[in-house]
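Given the structure is predicted, the values throughout are model-derived calculations rather than measurements. A, B, ... follow the sequence lines: proteins, then strands. Residue 1 opens every chain.
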Protein chains: 4
Amino acid sequence: MGKHTVQASVKDEKLVAVRRAQMVKGAVSLFKEKGFHRTTTREIARAAGFSIGTLYEYIRTKDDVLYLVCDSIYENVKERLDQALNTEKGSLESLTAAVASYFKVMNEFQEEVLILYQEMQSLPSESIKYILGKEMEMVAMFETILQKCVENGEFLLTKREIDGIAHNIFVQGQMWGFRRWAMQKLYTIEEYTDLQLRYLLNGVRMRDI
Amino acid sequence: MGKHTVQASVKDEKLVAVRRAQMVKGAVSLFKEKGFHRTTTREIARAAGFSIGTLYEYIRTKDDVLYLVCDSIYENVKERLDQALNTEKGSLESLTAAVASYFKVMNEFQEEVLILYQEMQSLPSESIKYILGKEMEMVAMFETILQKCVENGEFLLTKREIDGIAHNIFVQGQMWGFRRWAMQKLYTIEEYTDLQLRYLLNGVRMRDI
Amino acid sequence: MGKHTVQASVKDEKLVAVRRAQMVKGAVSLFKEKGFHRTTTREIARAAGFSIGTLYEYIRTKDDVLYLVCDSIYENVKERLDQALNTEKGSLESLTAAVASYFKVMNEFQEEVLILYQEMQSLPSESIKYILGKEMEMVAMFETILQKCVENGEFLLTKREIDGIAHNIFVQGQMWGFRRWAMQKLYTIEEYTDLQLRYLLNGVRMRDI
Amino acid sequence: MGKHTVQASVKDEKLVAVRRAQMVKGAVSLFKEKGFHRTTTREIARAAGFSIGTLYEYIRTKDDVLYLVCDSIYENVKERLDQALNTEKGSLESLTAAVASYFKVMNEFQEEVLILYQEMQSLPSESIKYILGKEMEMVAMFETILQKCVENGEFLLTKREIDGIAHNIFVQGQMWGFRRWAMQKLYTIEEYTDLQLRYLLNGVRMRDI
DNA sequence: AATGAATGAGTTTTCATTCAT
DNA sequence: CATGAATGAAAACTCATTCAT
């Protein structure tokens with residue numbers, strides 16, 4: 001955190017949180033529609049339900065909005081994921097369930113994740129690192145699950161293979177939203193989940209026994 | 001093509017092609033650095049080696065530059081891919097070779113592909129469709145190879161499975177460039193190719209014999 | 001006075017005086033640093049030790065602050081000058097002492113006088129006249145002293161000459177602060193006083209006797 | 001010069017000079033009326049006879065206008081002064097003539113000099129130094145004249161006295177415009193010149209003869 | 001009396017596009 | 001064909017002022 005905090009002129013921290021939530025909500029819906037650069041600060045203010053002057057009481061520059069949006073998206077995704085994965089016990093079923101949950105979350109947040117990928121580059125590299133750090137935490141969740149599975153003797157995998165698979169899971173989840181114009185014609189999210197799981201598990205399942 | 005053609009004031013088609021090539025080259029290197037929206041038309045003209053007035057003799061709007069850039073990128077990728085895959089004969093080895101070639105091409109064009117993903121949204125939806133069509137053609141290349149493999153009795157796959165695998169191959173190639181900050185710490189391009197091929201083939205290889 | 005009074009919402013006149021003194025003190029130090037236009041009302045409030053809302057309980061507009069500051073500066077200068085010159089008796093020595101005192105005061109208030117000259121123009125012309133009136137009173141002090149000297153037979157001067165000399169004295173005092181970047185490299189305030197006095201008295205001293 | 005040059009987007013140096021002259025002329029008349037801070041860039045552009053976009057082809061920031069204005073004022077004053085003083089021969093008459101010329105120039109440029117004193121503080125300190133350097137050159141002109149007079153045996157003065165007198169001459173010239181509301185009620189410029197010259201010369205004339 | 005969040009008019013600055021030369 | 005000066009709409013951002021608490 002520390003420097004990854006956007007300065008507000010308003011002192012009341014509760015209020016800052018409330019206003020920023022309004023702001024992010026409005027901004028996300030605008031960014032979905034036209035992207036960050038084609039959205040004006042006035043539009044963001046209006047969508048948030050307050051004036052341009054008020055907007056600037058809660059941020060310093062337009063880039064702050066982008067940062068807040070990106071941060072909020074991953075925060076939401078991670079929160080939903082934490083809830084979904086916290087019962088995980090290192091079994092094949094729980095891995096399956098975790099991946100299915102993750103894909104569902106990514107289905108829900110597909111537009112938001114698209115924003116992240118398209119606009120994050122405009123942030124200062126410090127902020128990019130910070131946000132990608134959150135992504136790594138999510139990948140690490142899958143690594144942990146896989147690791148447990150290995151420890152439980154469900155799979156036989158090296159650390160490197162675990163890393164690779166965790167990445168693949170993560171990317172396949174994003175891909176659903178990313179390439180929805182192609183994927184969502186071919187499959188429902190459930191079908192897609194089944195397909196990818198089968199494909200992933202082919203790679204990881206210990207030969208019978 | 002038809003409407004997917006950018007109008008030029010200059011008649012000499014050879015010259016148009018030459019100037020646009022200069023323009024795209026300059027623009028790509030600028031877009032890599034700062035993105036489409038943070039790049040000005042003046043900068044594009046300068047990078048191309050001519051004046052702002054001349055730039056506008058070869059395009060109508062700034063968006064035309066983006067279109068030309070996106071189009072050119074996929075044209076280049078496809079061209080390289082056509083070369084790499086045209087000797088393909090429907091065998092496991094040729095599939096392996098094709099995927100490896102594709103990954104190599106994506107490694108080479110990673111920054112350009114990034115541009116595509118980040119900026120394509122700014123194009124009119126007509127242009128997006130047109131360019132995504134090219135992407136579909138590339139996916140179709142892998143479908144064809146897989147189909148031939150099935151026909152040759154190498155694999156046993158349904159049409160749907162073929163589509164899914166082709167997509168996965170395609171996405172894993174893009175993922176290399178996309179998530180290079182994570183992937184390229186873990187693997188060399190060759191290691192990455194091996195890893196992904198093993199997973200892919202685990203899923204497609206006919207159960208022994 | 002009359003219209004040269006700044007309206008306050010707060011009734012308690014004692015409090016008004018206290019708050020305005022705080023305000024002027026903070027504002028002067030800000031104006032010294034960055035000038036009137038580059039200083040915001042929020043900064044003035046903060047420097048004064050209260051909130052922006054409170055600031056506006058004691059003034060009507062930002063210009064009021066400038067007026068109050070200008071007024072206060074001359075008020076302070078005049079007060080110090082009154083103290084210094086009230087023992088004056090119309091002799092050459094007392095003139096000398098008066099000029100020396102005045103130069104000392106101007107040395108002390110040089111930054112404040114700079115503010116006056118740089119920002120007074122932003123006041124409504126009514127206020128300018130009012131404040132310049134105070135300046136005239138100060139010039140008049142020197143006229144009075146000179147007049148007494150003439151009456152005492154120390155000098156032989158016409159009314160016009162007295163006016164001119166009084167002005168010269170006044171301007172030379174301001175010049176010390178105004179052109180301090182040039183003058184204060186050449187002289188100490190004492191040397192400067194000596195120099196200017198000699199020069200002034202050359203013009204006014206009655207030929208020997 | 002060197003870094004004291006304002007960057008223009010337009011290449012044609014002749015044109016830059018012409019447009020900047022228009023700009024300065026318009027800006028000076030606006031600054032006389034309402035000061036730098038109360039004048040908008042749009043007003044400057046309009047007064048100069050071109051659009052806001054064009055204005056910014058010839059400057060980088062609004063502060064550049066102020067710099068150009070300040071520079072131009074002293075350039076003009078110095079040029080007029082150079083013309084007036086170049087026939088100077090180190091006699092009492094030529095000193096008298098020089099001072100009279102200078103006062104006349106300051107009478108002519110009184111509003112411009114007022115601008116300098118009121119707005120120069122807003123410039124970066126580098127530019128202030130550069131411009132005050134020009135002022136020092138003007139003071140040096142009088143020092144040179146006085147020095148010649150001393151060499152010719154007209155006056156008997158130390159170097160320090162010369163410096164002090166040159167400063168006094170310079171300040172008395174500025175004072176005429178500065179305090180015109182007071183001075184110009186009492187005297188015509190000619191009378192003022194006579195008066196100040198008499199004082200000055202009382203101080204410098206060699207005893208008797 | 002004191003506070004500080006809210007407001008929006010107003011300001012500087014940029015930049016895609018045009019057009020006369 | 002090529003040039004680059006001119007344009008002005010549009011954008012980000014500021015800040016004096018108000019007013020509900």
Asker: Please figure out whether A:T41 or D:S51 has its closest DNA chain F nucleotide nearer the 5' end.
Answerer: D:S51
Asker: Below 4.0 angstrom, N of the basic side chain to O of the carboxylate: do D:R20 and D:E57 qualify?
Answerer: no
Asker: Just to be sure I understand the rule, does D:T61 reach a base, reach only the sugar-phosphate, or reach nothing, if contact means heavy atoms closer than 4.0 Å?
Answerer: sugar-phosphate
Asker: Is any side-chain heavy atom of A:E112 less than 4.5 Å from a side-chain heavy atom of A:K32?
Answerer: yes
Asker: Do A:Y67 and A:I131 have side chains that approach each other closer than 4.5 Å (heavy atoms only, starting at C-beta)?
Answerer: yes
Asker: Between E:dA9, E:dA5, F:dA6, which one does the side chain of D:E57 approach most closely?
Answerer: F:dA6
Asker: Determine the contact category for C:T40: base if any of its heavy atoms lies under 4.0 Å from a base atom, sugar-phosphate if only primed atoms, P, OP1 or OP2 are that close, otherwise nothing.
Answerer: sugar-phosphate
Asker: By nearest nucleotide on DNA chain F, pick out whichever of D:V10 and C:R60 is the more 5' one.
Answerer: D:V10
Asker: So what's E:dT12 paired with, Watson-Crick or G-U wobble, going by both distances under 3.5 Å?
Answerer: F:dA11
Asker: Rounded to the nearest Å, what distance is computed from the OH atom of residue A:Y58 to the C1' atom of nucleotide F:dC13?
Answerer: 17 Å
Asker: Whole angstrom is fine here: how far is it from CZ in B:R42 over to C1' in F:dT3?
Answerer: 12 Å
Asker: Between atom CG in D:L30 and atom P in E:dT11, what is the gap in whole Å?
Answerer: 13 Å
Asker: May I have the distance from D:I59 (atom CD1) to F:dA6 (atom P), rounded to whole angstrom?
Answerer: 14 Å
Asker: Could you tell me how far apart C:K62 (NZ) and F:dT18 (P) are, to the nearest whole angstrom?
Answerer: 15 Å
Asker: My understanding is that a pair needs two contacts under 3.5 Å, Watson-Crick or G-U wobble. By that rule, which nucleotide pairs with E:dA20?
Answerer: F:dT3
Asker: Regarding B:K62 and the six-membered ring of B:Y56, is the cationic atom NZ or CZ under 6.0 Å from the ring centre and inside 45° of its axis?
Answerer: no
Asker: Rounded to whole Å, how long is the line connecting atom CD of C:E43 with atom P of F:dT14?
Answerer: 12 Å
Asker: Has A:K134 got more than 12 heavy atoms of other residues, nucleotides or ligands less than 6.0 Å from its NZ?
Answerer: yes
Asker: Take A:G53 and D:T39, find for each the nucleotide of DNA chain E with the closest heavy atom, and name the residue whose nucleotide sits nearer the 5' end.
Answerer: A:G53
Asker: Relative to each other, are the rings of A:F50 and A:Y58 parallel, tilted or perpendicular (30° and 60° limits)?
Answerer: tilted
Asker: With a 4.0 Å cutoff (strictly under), does any side-chain N or O of A:R19 reach OP1 or OP2 of E:dA6?
Answerer: yes
Asker: Send over the distance from C:H37 NE2 to E:dT11 P, rounded to a whole Å.
Answerer: 11 Å
Asker: Want to settle it: does B:I52 or A:S9 sit nearer the 5' end of DNA chain E, counting the closest nucleotide to each?
Answerer: A:S9
Asker: Phosphate oxygens OP1/OP2 of E:dG4: is one of them under 4.0 Å from a side-chain N or O of A:K11?
Answerer: no
Asker: Between C:L55 (CG) and F:dT18 (P), how many Å, whole number?
Answerer: 12 Å
Asker: Check whether any side-chain nitrogen or oxygen of B:Y56 sits under 4.0 Å from OP1 or OP2 of F:dT3, and answer yes or no.
Answerer: no
Asker: Would you say E:dT3 has OP1 or OP2 under 4.0 Å from some side-chain N or O of C:T54?
Answerer: yes
